[in-house]
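Data block below; observations after.
Below, all heavy atoms of this structure are taken into account, side chains as well, without hydrogens, waters or symmetry copies. The structure displayed is predicted, hence computed values, not measured ones.
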Amino acid sequence: MRALIVCVALCALTSVHQPPPLLDQVLELGELRVVTRNAPTTYYMGADVPTGPEFDLVNGFAEELGVDLVIQPRSAVADLIPAVRSGQAHLAAAGLSITEERLQKVVFSQPYQQVEQHLVYRRGNGKPDTLADIEDAEVVVMAGSSHAETLAALTQDWPTLNWREDADTESAELLEAVASGEIPFTVADSTDFSINRQFHPELRIALDLDVANSIAWAFPTYGGRSLVERADQYLQKIRRNGELTRILDRYYGHNDDFDYVGTRAFIRHYESRLPRYREMFESAADRTSLDWTLLAAIGYQESHWRRSAVSPTGVRGIMMLTRATADYVGIQDREDPAQSIAGGAAFFGRLKERIGDTVPEPDRTWMALAAYNVGYFHLKDARQIVEMQQGDPNRWVDVRDALPLLAQRRWYQRVEHGYARGWEPVTYVENIRNYRAILKWLERQNDSPEGPAAPEDELTPSPEVVARR
């Protein structure tokens, strides 16, 4: 009997000190505390609001829970898992790969993205065919990263592999160091490589070190699985409704096609041609409440910033306006740069108005760009096809997939305005997104003697960012 009483007492004592489930803690606190990295593939401050693929995902999760989101940026990958294990954060959302070593320390959600690990080198330095070709060189990776785990595992078969971890650099910085020739090799996730190759076209993939690497959120091992299960439910939901695809497309969708020669030419033209017209783009942007870099990217896609450009069909000028479009926006001389840029800006602004604010940004901008290229009514037909396919006509990723169908007889016969070269506006939008991203990167490089930290808006570190509900 005494033993039974002691046992009951011990159980009662243990239950008193056992913390409530982690989900209950989050709901009681009214905050979801998330640790992340300040990087273009995770979280950064845009012009006036936080942004980034991980921020968008975890902000939606906090909204689902009905709590405030508290972002806690960390400067190094190695700091993320300890922050979760110590209770400073409820989860880590930072593009973390699921690895054997990390599974011993944290619990992961279901994966929401697959990436590859690339061994990256500089164009012109000779492409290694195997790891044996780089044994005399050094591979530098982020400290505490999955890349370090991969290289450590590879040394079992390649004991002379020369590599080291750097605790003071991010992936973007290491890729820049490879591009400049400062270091010979680094390892980068396919997402990081996809973004940074726009700004460093010398970068090349030597080898794929790991394929189908799963990215997920990391949770502490204490507090049960309640919060992990809610996260899994949320990720399943946004995968089914297409929101996950939309978020990933926003940040990576325009990076698939890459042209080394075209990128180098753009950088040359940025220096030699754009200065003549920059004030005109800025003035037109002020009048239409548009971003001047977007208008400049349209102008480059249309004419490579050549005032006398003429197409075989008769469109002309920097913004390549038809005579009908020029009349529509009140432009007399299409080859006059100021008039052409003002007219193109006005026309693009009217296209956005016609599409309507029921389409959220940035999808509304991408659709307006497509309409600038293929025409508003063909865009309207493509959105109708999306509805036929039970998709969402207000999402660019759905409309993007439907536009090429306008060239297929079985589809264009079913819409009002018939055949169109529907693949062209898709490429058109992707090119403009690339040009605009490179333009912003070049602008930051000129503004800072140390160069840019990342390829999209400003990566402004903050000790803590709170998104109030």
Side-chain angles (χ1 to χ4, degrees), residues 32-64 67-75 80 89 91-96 112-113 115 170-172 189 191-192 194-196 198-199 215 217 234-235 238 242-255 289-294 297 357 359-367 369 394-397 429-430 432-444 447-448 452-469:
L32 180 66
R33 296 176 177 174
V34 178
V35 64
T36 189
R37 293 188 301 129
N38 195 225
T41 56
T42 51
Y43 150 83
Y44 54 93
M45 288 299 297
D48 51 6
V49 294
T51 190
E54 288 284 11
F55 176 82
D56 288 358
L57 287 170
V58 81
N59 190 48
F61 183 42
E63 185 175 303
E64 184 93 353
V67 299
D68 295 333
L69 173 63
V70 179
I71 293 290
Q72 302 174 355
R74 293 292 188 273
S75 58
L80 300 172
L91 66 97
L96 292 176
Y112 50 88
Q113 192 176 12
V115 300
E170 274 286 337
S171 182
D189 287 344
T191 47
D192 281 306
S194 175
I195 287 178
N196 284 279
Q198 300 174 89
F199 318 107
I215 304 298
W217 291 340
Y234 164 73
L235 293 170
I238 63 173
E243 181 64 16
L244 177 60
T245 300
R246 181 174 178 271
I247 290 172
L248 297 179
D249 174 77
R250 177 181 180 185
Y251 296 97
Y252 306 119
H254 61 296
N255 299 321
S289 299
L290 296 169
D291 184 341
W292 82 268
T293 61
L294 177 63
D357 56 13
V359 178
E361 289 290 3
D363 300 61
R364 185 180 180 189
T365 293
W366 310 151
M367 289 190 200
L369 288 174
N394 291 335
R395 295 195 316 160
W396 167 245
V397 291
V429 173
E430 290 175 353
I432 289 174
R433 291 173 69 174
N434 273 320
Y435 291 141
R436 186 189 188 193
I438 298 170
L439 179 55
K440 286 188 173 185
W441 183 82
L442 290 168
E443 286 292 295
R444 286 193 307 276
D447 290 342
S448 171
E456 183 76 30
D457 296 318
E458 293 78 15
L459 296 185
T460 307
S462 171
E464 189 172 277
V465 175
V466 182
R468 297 293 182 191
R469 300 292 163 212

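Residue N59 holds its CG atom at 11.5 Å from OH of Y43, rounded to the nearest 0.5 Å. Of the inter-residue distances, the one linking T191 atom OG1 with Y252 atom OH reads 4.5 Å to the nearest 0.5 angstrom. For the atom pair CG (L439) and CZ (R444), the distance works out to 10.0 Å, reported to the nearest 0.5 Å. One distance of note links CG of D189 with CD1 of I215; it measures 5.5 Å at 0.5 Å rounding. Interatomic distance, L248 CG to T41 OG1, rounded to the nearest 0.5 Å: 11.5 Å. In this structure, L369 CG and W396 CH2 are separated by 8.0 Å, a value rounded to the nearest 0.5 Å.
No side-chain heavy atom of T365 sits less than 4.5 Å from a side-chain heavy atom of D291. In this structure the side chain of V359 never reaches within 4.5 angstrom of the side chain of W366, judged on heavy atoms. Residues F61 and L69 form no side-chain contact, since every pair of their non-hydrogen atoms from C-beta on lies 4.5 Å or further apart. Annotation: side chain of V115 is not in contact with side chain of D192 (no heavy-atom distance under 4.5 Å).
With hydrogens and angles disregarded, no donor-acceptor distance shorter than 3.5 Å links the side chain of D68 to the backbone of L32. Proximity of a side-chain donor or acceptor of T293 to a complementary backbone N or O of R436 within less than 3.5 Å is not detected. Between the side chain of D249 and the main chain of T245, no donor-acceptor pair closer than 3.5 Å is present. Listed for the R37 side chain is no donor-acceptor partner under 3.5 Å among the backbone atoms of E170.
When the side chain to side chain donor-acceptor pair (under 3.5 Å) test is applied to R246, the partners found at least two apart in sequence or on another chain are D363. By the side chain to side chain donor-acceptor pair (under 3.5 Å) test, T42 is found to be paired with no residue, residues two or more places apart in sequence or in another chain being considered. For Y435, the ring pair (Phe, Tyr, Trp, His ring centres under 6.0 Å) partners at least two apart in sequence or on another chain are F266, Y300. With sequence neighbours left out, E54 forms a side chain to side chain donor-acceptor pair (under 3.5 Å) with Y112, W217. Looking at residues two or more places apart in sequence or on another chain, you find a side chain to side chain contact (heavy atoms under 4.5 Å, CB included) between I238 and L57, Y234, L235, N241, E243, L244. By the side chain to side chain donor-acceptor pair (under 3.5 Å) test, N394 pairs with R383, sequence neighbours left out.
G242 and R395 make their closest contact through O-NH1, 2.5 Å (heavy atoms, listed as atom of the first residue, atom of the second, distance). Here the closest heavy-atom approach between residue P53 and residue P40 is recorded as CD-O, 3.6 Å. Across every non-hydrogen atom of N196 and A172, the tightest pair is OD1-CB, 3.6 Å.
When only modelled atom types and interatomic distance are considered, Y251 and T51 share a side-chain donor-acceptor pair under 3.5 Å.
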